[in-house]
Amino acid sequence: MSVNVHNPDQYMASLRTIIAQGRKKIGLLIGAGAPAGMRKIDGTYPLVPAVAGLTNQVLATLAPKYGAQIAGLKAELPKDDIETILSRVRSLAKVIGKSKVHDLDGPGFEKFGEEICAEIGKIVDARLPKPESAYSDLVNWITGTSRDSAVEIFTTNYDLLLEEAFEVVGAPYFDGFTGGREPFFDPVSVARNDLPARWTRLWKLHGSLGWCAGEKGEVIRTGKSSASHLVFPEHLKYDQTQKAPYTALLDRLKTFLGTDDTLLISIGFSYADAHVAARIDEGLAGNTSASVFAFMFKALDEEVAACDLASKRPNFSVYARDKAMMNGTPGAWVVPAELPSKDWGPIRSTYWGKPQSADPDQFLLGAVEPFCKFFAASRSAQIFSPIPAPTASVPTLVVPV
């Protein structure tokens, strides 16, 4: 009986070659697990809580005032994360008028939504630790190579940490907004994507600190981190002004995957967000030359949403701590006893080892800090020797270079 196994040396050598060069069109998808896996300035974790932690903190703060409404909304919603609750709060604010639901009328729910946004802003308004961070490593990789195509970063996070990382080193980026006093969103520039390749594209799929509604209800960027009204995508119902930024940005993700020979690499993203996952699924279905590499923090069996997508799309690969899923087939990581080359040991230690002394050896790049260090170190001098495929039955993933 054949057993499927995967050799991490084989895949990481290929990936290292790709990211060290500037020829391939590369995108990054960064989810809430990334800042949650980064240290604070004092060395503790997390820098910014993930969705579950953010939900708990916001609701705990607002419970003394809105406890009844929170309980009522949780009881009626299929999910009780902060985005789903906010979507429901805003929907009620628009449609119920003077009628009451859970003892609040429309204006009451509008105020509730504003207070949710304010609390999210307080929690998410973090700064990067100095002198280095995972994001500074990532920016060093982006800016360290002359590129044929711009790196495109798609993120569901609201924080301004990526913006800070680019601005510290003076690296240009474009986020879809243009203007001076009240920068406005320009969907034409997002769709055309014709800025120079040295300008990284930074697409905030779920909105951002500093986004707010202008006088005409349009979304503007304030440049402030403490805006009192944050604009988030509403999963239950969009109005016309809120639809424009998010639709354009999600369409940009699908367009990216529709381009020949592209690679999207995700970190800290669970694929549980149906809106984003659907665009990725559509993009991969329509373009077999595109690939997605999903680096996951948990064991493979726990990454249900990512594995579900990988089972349908052979050009979607999952890299979990204990196993990988390539070409729709899961297999355990098996590291050869011998190194592929005499100087590969330090490189292997960047993606394979013990996260903590008591842990077994495992694949490390599902955590954002080693992930970004791997990218930053990809341009270091290294003699690559051919890495033989494992002898067991292994689905081979051909990675175009």
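Counting from 1, the numbers follow the sequence of the chain as shown.
Aromatic ring centroids of Y351 and F371 lie 6.0 Å or more apart. W333 has its ring centre less than 6.0 Å from the ring centre of F363. Annotation: F177 is not in aromatic contact with F184 [ring centroid separation under 6.0 Å not met].
Side chains of E369 and Y45: a donor-acceptor N/O pair is present below 3.5 angstrom, by distance only. If you check the side chains of Y135 and E164, you find no donor sitting under 3.5 Å from an acceptor. Using a 3.5 Å distance cut-off with no hydrogens or angles, the side chains of T329 and N327 do not pair a donor with an acceptor. Between E152 and W203, the side chains place a donor N or O and an acceptor N or O closer than 3.5 Å (distance only, hydrogens not considered). Using modelled atom types and a 3.5 Å distance limit, the side chains of Y271 and E303 yield no donor-acceptor pair.
Residues I116 and Y66 form no side-chain contact, since every pair of their non-hydrogen atoms from C-beta on lies 4.5 Å or further apart. Residues K130 and I41 fail the side-chain proximity criterion, which asks for heavy atoms closer than 4.5 Å. Residues I280 and K254 form no side-chain contact, since every pair of their non-hydrogen atoms from C-beta on lies 4.5 Å or further apart. In this structure, L264 and L28 have side chains that are not in contact, with every pair of non-hydrogen atoms separated by 4.5 Å or more. In this structure, the side chains of L54 and V48 stay at 4.5 Å or more apart for every pair of heavy atoms. For the pair I153 and L162, the minimum side-chain heavy-atom distance is below 4.5 Å.
Ion pairing between a basic and an acidic side chain is recognised when a charged N comes within 4.0 Å of a carboxylate O; D281 and R313 show such pairing. Note on R221 versus D175: salt bridge recorded, some NZ/NE/NH1/NH2 to OD/OE distance being below 4.0 Å. Taking the charged nitrogens against the carboxylate oxygens, K25 and D260 have no contact shorter than 4.0 Å, which rules out a salt bridge. Between K40 and D42 there is no salt bridge, since none of the side-chain N atoms of the basic residue sits less than 4.0 Å from a carboxylate O of the acidic one. With respect to K373 and D137, a salt bridge is recorded, a charged nitrogen being found less than 4.0 Å from a carboxylate O. No salt bridge links R90 with E110; every basic N to acidic carboxylate O contact stays at or beyond 4.0 Å.
Under the salt bridge (charged side-chain N to carboxylate O under 4.0 Å, His left out) rule, R348 has a single partner from D343, D361, D9, which is D9.
The aromatic rings of Y11 and H6 sit perpendicular, their planes meeting at an angle over 60°, well past the 30° parallel limit.
L300 and V318 make their closest contact through CD1-CG1, 3.6 Å (heavy atoms, listed as atom of the first residue, atom of the second, distance). For the residue pair A294 and S266, the shortest heavy atom distance occurs at CA-OG, 3.2 Å.
Every residue two or more places apart in sequence or in another chain that forms a side chain to side chain donor-acceptor pair (under 3.5 Å) with S189 is listed here: D186.
Both cation-pi conditions hold for R147 and W141: the charged atom is under 6.0 angstrom from the six-membered ring centre and inside a 45 degree cone around its axis.
Between atom OG1 of residue T222 and atom CH2 of residue W211 there is a gap of 11.5 Å, rounded to the nearest 0.5 Å.
Remark: F297 CZ is loosely packed, at most 12 non-hydrogen atoms of other residues, nucleotides or ligands lying under 6.0 Å away.
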